[in-house]
K.L.:
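Here it is, the structure, as structure tokens.
Numbers restart at 1 for each chain; the letters A, B, ... are given by sequence-line order, proteins then strands. Values below: every heavy atom of this structure, side chains too, minus hydrogens, waters and symmetry copies.
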There are 2 protein chains.
Amino acid sequence: MSDSPIRKALPDFHWERVAALRYKEEGSAPFRAVTRQVLFGDDALRCEWRYFEVSPGGYSTLERHAHAHAVMILRGAGRCLVGDRVYAVAERDLVAVPPLAWHQFRADAHAPLGFLCLVNQERDRPQLPAADDLAALRRVAEVAAFIRTGDDNDA
Amino acid sequence: MSDSPIRKALPDFHWERVAALRYKEEGSAPFRAVTRQVLFGDDALRCEWRYFEVSPGGYSTLERHAHAHAVMILRGAGRCLVGDRVYAVAERDLVAVPPLAWHQFRADAHAPLGFLCLVNQERDRPQLPAADDLAALRRVAEVAAFIRTGDDNDA
């Protein structure tokens, strides 16, 4: 029944009547092996509730924006940059990404990293780091080793 | 570190720095064996992201309101009323509760039912069913057998 209020979970972290989308347009920003599913994008809620999954070895875009993220890890394990620190994360951990904090999620080499991510429906576009932003981030050795920017300067 | 952006998952579906709260004031509305945890209640998001857990045999309040709910089952199994139908739900299933739809969640007899529930931060108060609402709901046999109102008329 297409208007059922229930969308059953399907194998491998998919859902009935939820499309697996490209994370971003290829070439628009650096990332590797990330998918996006919009679970709820309801006008009444004024929020979007999404599920992202980073394949083993993959990473989301290193970016920041004025809107906040509320995140719960749903599958697997990995690490994330929030601000100027790197944190190990695993199933059901909560991550608060404050406005304008640089952030990036990376899956472990042998596990995917799937996470729920809540955002305001109306929100600003992500900003990519300029050369001086990257230089500032790389002043912390742990961050320098962690971040992935899609170029040969990646550690 | 109290201002870390990460709150690690703890055993038994609790989290660092997240308080287990009463679901509602006792006596304010019929329910049985439900706890509430507010995972994110951020002004920037204008939403609250909560985790409710219904113990085996317990039930949430039968109610409706003008605001919508976006729900994901996170633990266990049970059934829920949405509108005039009852649905079986299990881990990772999605449930959309539209504005003014009567709804109630019940855990199975031998499993808890834990679920994430997203709402607008500013929202109207729940309405309880009046006698004529209950009579209308009970016209559907499946619904009549399902709903729990805390009184002796429960099936």
K.L.:
Could you tell me whether the side chain of B/I6 reaches within less than 4.5 Å of the side chain of A/C80, counting heavy atoms only?
P.N.:
yes
K.L.:
Look at the side-chain heavy atoms of Ile, Leu, Val, Met, Phe, Trp and Tyr, link any pair under 4.5 Å apart, and say whether B/L39 and B/L113 land in one connected group.
P.N.:
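No, separate clusters.
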K.L.:
Answer yes or no: is there a side-chain heavy-atom contact under 4.5 Å between A/L116 and B/M72?
P.N.:
yes
K.L.:
Please confirm whether the backbone N or O of B/R92 pairs with a side-chain atom of A/W15, one donor and one acceptor, at under 3.5 Å?
P.N.:
yes
K.L.:
Could you tell me whether the side chain of A/F40 reaches within less than 4.5 Å of the side chain of B/L118, counting heavy atoms only?
P.N.:
no
K.L.:
Check whether A/A88 gets within reach of chain B through its side chain, its backbone, both or neither, counting any heavy atom under 4.5 Å.
P.N.:
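Contact with chain B involves the backbone of A/A88 alone.
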K.L.:
Got a second to check how far A/Q121's CD is from B/C47's SG, nearest 0.5 Å?
P.N.:
9.5 Å
K.L.:
At a heavy-atom distance under 4.5 Å, which candidate from B/V89, B/V71, B/V18 has the highest pair count against chain A?
P.N.:
B/V71
K.L.:
Please classify the contact between A/V97 and chain B as side chain, backbone, both or neither, with a heavy-atom cut-off of under 4.5 Å.
P.N.:
neither
K.L.:
Are A/L74 and B/Y51 connected into the same hydrophobic cluster when the rule is that any two of I, L, V, M, F, W, Y join if their side-chain heavy atoms are below 4.5 Å apart?
P.N.:
yes
K.L.:
Measure the CG-CH2 distance between B/L94 and A/W49 for me, rounded to the nearest 0.5 Å.
P.N.:
7.5 Å
K.L.:
Is there side-chain contact between A/Y87 and B/S4, with at least one heavy-atom pair below 4.5 Å?
P.N.:
yes
K.L.:
Show the nearest heavy-atom pair for residues B/L45 and A/A68, with the distance to one decimal.
P.N.:
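Closest approach of B/L45 to A/A68: CD2-O, 3.8 Å.
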K.L.:
Side-chain contact test, heavy atoms from C-beta onward, threshold under 4.5 Å: evaluate it for B/R7 versus A/D93 and give yes or no.
P.N.:
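No; the side chains remain at least 4.5 Å from each other.
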K.L.:
Linking I/L/V/M/F/W/Y whenever any side-chain heavy atoms sit under 4.5 Å apart, do B/F13 and B/F52 land together?
P.N.:
no
K.L.:
Hydrophobic clustering (ILVMFWY, side-chain heavy atoms < 4.5 Å, transitive) - are B/V119 and B/W102 grouped together?
P.N.:
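As far as the 4.5 Å side-chain criterion goes, B/V119 and B/W102 are not connected within one cluster.
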K.L.:
Less than 4.5 Å to any heavy atom of chain A: does that hold for the side chain of B/E91, its backbone, both, or neither?
P.N.:
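Contact with chain A involves the backbone of B/E91 alone.
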K.L.:
Does atom CZ (B/R36) have a neighbourhood of more than 12 heavy atoms from anything else shown, all under 6.0 Å?
P.N.:
yes
